[in-house]
Amino acid sequence: QATLATVYGMQIGAQPEKAGEIFYNQSAPTKSELGVAKWLGYSNVILGATYGVLSTCDLKPADKKKLYSVGVASCGAGMAIAQHQKGANNFDKTQATVATAMNLTMGALYLKKVLEK
């Protein structure tokens, strides 16, 4: 999961024009749309890195909860931006649904870990 999220994020970040074209169904995404594509790329890199650290490092429980909280916040922001862009800027509905579902699922898993004793 960490690798997939990181690679996906790096791909979006490296080619924001292509990602913007896919996300908004147009050949010349606006500066704002390119900014969203870049943000989504960075968000996925952060999500992948967080998951990678949690999966491979021996951390104290309090430190793990902090990183899980970063994951919850990142996923919440990803869902909010996808939904906002769908309504405000005609973000592709399929892309918005996938982004929302993925972020909701990962955010719920992170939140479960935050709430565990």
Side-chain angles (χ1 to χ4, degrees):
Q1 290 171 331
T3 303
L4 287 174
T6 303
V7 169
Y8 180 60
M10 291 172 65
Q11 181 181 11
I12 294 170
Q15 298 178 324
E17 293 83 9
K18 184 65 178 169
E21 182 180 325
I22 292 168
F23 294 158
Y24 295 98
N25 295 317
Q26 54 183 300
S27 59
T30 66
K31 186 176 180 180
S32 174
E33 292 164 352
L34 289 176
V36 171
K38 289 178 185 178
W39 187 93
L40 290 170
Y42 301 143
S43 174
N44 276 283
V45 169
I46 291 168
L47 186 63
T50 302
Y51 192 79
V53 168
L54 287 165
S55 298
T56 59
C57 295
D58 186 25
L59 301 171
K60 295 177 184 175
D63 292 333
K64 282 186 177 185
K65 283 193 183 230
K66 290 175 190 172
L67 283 174
Y68 285 125
S69 295
V70 169
V72 171
S74 178
C75 290
M79 283 190 313
I81 286 181
Q83 288 303 307
H84 168 74
Q85 288 297 305
K86 182 177 75 173
N89 295 318
N90 297 318
F91 189 67
D92 182 77
K93 288 179 177 67
T94 301
Q95 295 292 330
T97 300
V98 169
T100 300
M102 187 275 299
N103 280 291
L104 181 61
T105 302
M106 291 302 296
L109 292 173
Y110 284 138
L111 183 60
K112 180 181 175 213
K113 293 290 189 179
V114 170
L115 298 175
E116 285 179 355
K117 291 183 181 183

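By convention here, the first residue in the shown sequence is residue 1. The analysis underlying the following values was restricted to heavy atoms, covering all of them including side chains, and did not include hydrogens, waters or symmetry mates.
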Transitive ILVMFWY side-chain link [X] to [Y], under 4.5 Å:
X	Y	value
L54	V72	yes
V114	L109	yes
I12	I81	yes
Y110	L59	yes
Y8	M79	no

Least distance between heavy atoms, [X] atom then [Y] atom:
X	Y	value
G13	P16	O-CD, 3.4 Å
D92	N25	OD1-ND2, 2.9 Å
A37	A19	CB-CB, 4.1 Å
P29	G20	CG-C, 3.4 Å
A96	A82	CB-O, 4.0 Å
L34	E17	CD2-CA, 3.5 Å

Quiz item: Would a 4.5 Å heavy-atom cut-off, applied to side chains only, mark I22 and K18 as touching?
Solution: yes
Exercise. Flag the pair Y51 / M106 as yes when at least one side-chain heavy-atom distance between them is below 4.5 Å, and no otherwise.
Key: yes
Quiz item: What do you reckon, is CE of M10 surrounded by more than 12 foreign heavy atoms closer than 6.0 Å?
Solution: no
Quiz prompt | Heavy-atom neighbours of K65 NZ exceed 12 at 6.0 Å | solution = yes
Quiz prompt | CA sep, side-chain torsions, deciding dist, call: L47, M102, side-chain contact (heavy atoms from CB on, under 4.5 Å) | solution = CA-CA 11 Å; L47 186 63; M102 187 275 299; 4.0 Å; yes
At what distance, to the nearest 0.5 angstrom, does [atom1] of [X] lie from [atom2] of [Y]?
X	Y	atom1	atom2	result
L111	L104	CG	CG	10.5 Å
D58	K64	CG	NZ	7.0 Å
Q95	K86	CD	NZ	12.5 Å

Exercise. Mark yes or no for whether N89, through its side chain, and Q85, through its backbone, hold a donor-acceptor pair below 3.5 Å.
Key: no
Quiz item: Parallel, tilted or perpendicular: which describes the rings of Y24 and F91, with under 30° parallel and over 60° perpendicular?
Solution: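 The rings of Y24 and F91 stand perpendicular, inter-plane angle above 60°.
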